[in-house]
Undergrad: 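I have a structure here, written as structure tokens, and I will follow up with some questions on it.
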Protein chains: 2
Amino acid sequence: MKKAKTAPAAPDPDGPRRRRSGNRREELMDRAAELIAAKGFDGASMRDIAAAVGMLPGSLYYHFPSKEDLLREIHGRVVSGMAARVEQALEGVESPWGRLEAAAEAHLAGLFETGSLVAIVSPDFPKGHEDLNEELRRQRRDYEQTFRDLFEALPLAPEADRTLLRLELFGALNWTPVWYRDGGRYDPRRIATVYVETIRRAYGTG
Amino acid sequence: MKKAKTAPAAPDPDGPRRRRSGNRREELMDRAAELIAAKGFDGASMRDIAAAVGMLPGSLYYHFPSKEDLLREIHGRVVSGMAARVEQALEGVESPWGRLEAAAEAHLAGLFETGSLVAIVSPDFPKGHEDLNEELRRQRRDYEQTFRDLFEALPLAPEADRTLLRLELFGALNWTPVWYRDGGRYDPRRIATVYVETIRRAYGTG
DNA sequence: GATTGCACCAAACAATCGTTTGTTCAAAAC
DNA sequence: GTTTTGAACAAACGATTGTTTGGTGCAATC
């Protein structure tokens with residue numbers, strides 16, 4: 001027989017202290033993401049990250065087997081978040097150009113909100129971690145497929161190169177964190193609108 | 001009297017051993033630039049650089065007072081080199097669109113030839129070196145003035161935002177090293193042509 | 001022929017890096 | 001009530017980092 005207090009016959013999958021885990025791990029990833037976005041992967045040391053969550057350096061290795069794996073998961077979560085954000089922005093939008101613009105704006109907003117982590121990590125990562133770099137690229141490739149599809153749906157003049165136009169837009173968007181300043185002349189929506197409008201005026205039919 | 005071999009009565013401003021200096025310093029900067037472009041600023045250690053030129057780590061400090069200063073000079077030289085390259089590409093080209101296209105192609109070629117050092121260093125450099133970052137940005141600002149002028153000369157529709165269009169083109173160009181592969185479908189000239197042509201078709205008048 | 005000074009070597013410096021190991025301690029499971 | 005386990009601490013590990021210091025050979029100068 002069991003007392004009411006000890007009652008955990010069922011695995012208690014979401015008890016009063018949230019199954020005692022996952023909680024802290026997510027906070028850890030959030031803080032680490034901020035630091036890596038701000039100071040770069042090499043710039044943010046495990047000691048910095050540990051201090052930011054109020055732990056000791058070694059304790060991080062209970063949650064993640066290595067610094068590379070930490071980045072792997074953070075990068076994956078950020079990319080997934082951006083994918084979800086874009087997906088949501090596309091909901092209910094019908095016209096091909098409207099969809100591309102919505103996606104571009106969502107992408108840009110996601111970049112800024114995450115401290116441009118993806119854009120920062122992307123370019124400078126043939127360091128010594130070539131295998132890691134490859135996985136990060138794979139994570140991004142899935143995300144970029146959405147944009148491939150969006151460009152496929154555009155009504156364009158026959159001489160337009162959809163691939164190159166997509167790379168042009170994507171590059172322009174991903175470079176914005178380099179010059180963008182919060183509260184400046186341009187906001188994310190304006191930037192996305194103008195960039196997409198350029199392509200539309202150049203090659204759009206209809 | 002002097003033997004023919006020892007002959008340096010005149011200051012010998014460009015003698016057989018090139019004034020004994022400058023020589024090696026330039027080689028040092030070249031090798032360092034390659035390494036930094038390939039592995040990033042943090043990724044390329046002073047020992048790596050020293051080994052690449054066949055010296056010992058400490059010997060580098062005879063030529064440069066610190067690693068930051070080394071990067072400062074390398075970055076400056078790379079930017080100057082790109083400016084010169086663009087300047088030369090503009091020689092004799094009269095039409096505004098032709099000039100922009102020539103500049104874009106030269107910029108892209110310069111990016112690839114230097115291992116994209118500028119594009120690599122640019123985005124990820126709010127690390128701990130905020131003052132250094134500021135100087136690098138200043139070096140680039142002078143260079144970018146050329147593009148500002150080029151855009152100012154373009155015959156554009158009145159609703160066009162020259163600043164934003166320049167940032168769009170510049171971003172698209174600077175992002176190419178992320179996806180570009182030598183021997184792939186696209187070469188620098190094609191990329192530059194298409195990117196500029198997009199803007200021209202969108203907002204060009206005349 | 002003696003002296004100067006450039007360009008480098010040789011060897012270490014303290015600091016910081018990612019990581020490992022052993023221990024602790026409260027909460028959960030039995 | 002005992003055992004197990006999740007989650008962290010405490011303290012160090014070897015390696016690598018940028019940098020400094022003192023010495024040294026050799027070419028150029030007087």
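Within every chain, numbering begins at 1; the chains are lettered A, B, ... in the order of the sequence lines, protein sequences first and strands thereafter. Keep in mind it's a predicted model, so treat the numbers as computed, not measured.
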Undergrad: In whole angstrom, what separates Y62(A)'s OH from dG18(C)'s C1'?
TA: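 After rounding, the gap between these two atoms is 20 Å.
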Undergrad: Quick one: do I199(B) and V196(B) satisfy side chain to side chain contact (heavy atoms under 4.5 Å, CB included)? Show the steps, please.
TA: CA-CA 5 Å; I199(B) 296 178; V196(B) 171; 5.8 Å; no
Undergrad: In whole angstrom, give the distance that lies between atom CG of D69(A) and atom C1' of dG18(C).
TA: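 Taking CG of D69(A) and C1' of dG18(C), I get 13 Å after rounding.
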Undergrad: Looking for any heavy atom pair under 4.0 Å, which part of the strands does S45(B) touch: base, sugar-phosphate only, or nothing?
TA: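 If one applies the 4.0 Å heavy-atom cut-off, S45(B) turns out to touch the sugar-phosphate alone, with no base involved.
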Undergrad: Using atom CD1 of I49(B) as one end and atom P of dT16(D) as the other, report the distance to the nearest whole Å.
TA: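 Whole-Å distance recorded here is 17 Å.
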Undergrad: Between dA8(D), dC9(C), dT19(D), spot the one nearest the side chain of R47(B), thanks.
TA: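 From the listed options, dT19(D) comes nearest.
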Undergrad: Using OP1 and OP2 only, check whether a side-chain N or O of H63(B) sits under 4.0 Å from dC6(C).
TA: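 No, outside the criterion.
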Undergrad: Can you measure M55(B) atom CE to dT19(D) atom P for me and round it to whole angstrom units?
TA: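 Taking atom P of dT19(D) as the reference, CE of M55(B) is at 14 Å.
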Undergrad: Please give, in whole Å, the distance from dT19(D) P to L71(B) CG?
TA: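 Going from L71(B) (CG) to dT19(D) (P), I get 12 Å.
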Undergrad: When you get a sec, tell me which of dT19(D), dC17(C), dC8(C) is the closest nucleotide to the side chain of Y61(B)?
TA: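 Taking heavy atoms from C-beta onward, the closest nucleotide is dT19(D).
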Undergrad: Could you tell me the separation between the CG atom of L56(A) and the C1' atom of dT24(C), rounded to a whole number of Å?
TA: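 Spelled out: CG on L56(A) to C1' on dT24(C) is 13 Å.
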Undergrad: Closest heavy-atom contact between P57(A) and R47(A)?
TA: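 Answer, listing the atom of P57(A) first, then R47(A): CG-CG, 3.6 Å.
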Undergrad: Using the ring of Y61(B) (Phe, Tyr or Trp, six-membered ring only), decide whether K67(B) places NZ or CZ under 6.0 Å from its centre and within 45 degrees of its axis.
TA: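 Judged by the rule, K67(B) and Y61(B) form no cation-pi pair.
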Undergrad: Is there a side-chain polar atom (N or O) of R24(B) under 4.0 Å from OP1 or OP2 of dC8(C)?
TA: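 The answer is yes; a side-chain N or O of R24(B) sits under 4.0 Å from OP1 or OP2.
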Undergrad: Figure out the CD/C1' separation between E68(A) and dT19(C), and round it to whole Å.
TA: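 My rounded result for the distance is 13 Å.
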Undergrad: So, are R138(B) and E135(B) salt-bridged, with charged N and O less than 4.0 Å apart?
TA: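 A salt bridge links R138(B) with E135(B).
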Undergrad: Tell me, yes or no, whether the heavy-atom count around Q145(B) atom CD, taken from other residues, nucleotides or ligands under 6.0 Å, exceeds 12.
TA: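 More than 12 within 6.0 Å, yes.
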Undergrad: Starting at the 5' end of DNA chain C and moving along, which residue's nearest nucleotide shows up first, D48(A) or G58(A)?
TA: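 Result of the comparison: D48(A).
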Undergrad: Could you state the CG-P distance from L60(B) to dA11(C), rounded to the nearest angstrom?
TA: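 It is 18 Å, rounded to the nearest whole Å.
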Undergrad: Looking at dC9(C), dT19(D), dT19(C), which one has an atom nearest to any side-chain atom of M46(B)?
TA: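 Among dC9(C), dT19(D), dT19(C), the one nearest the side chain of M46(B) is dT19(D).
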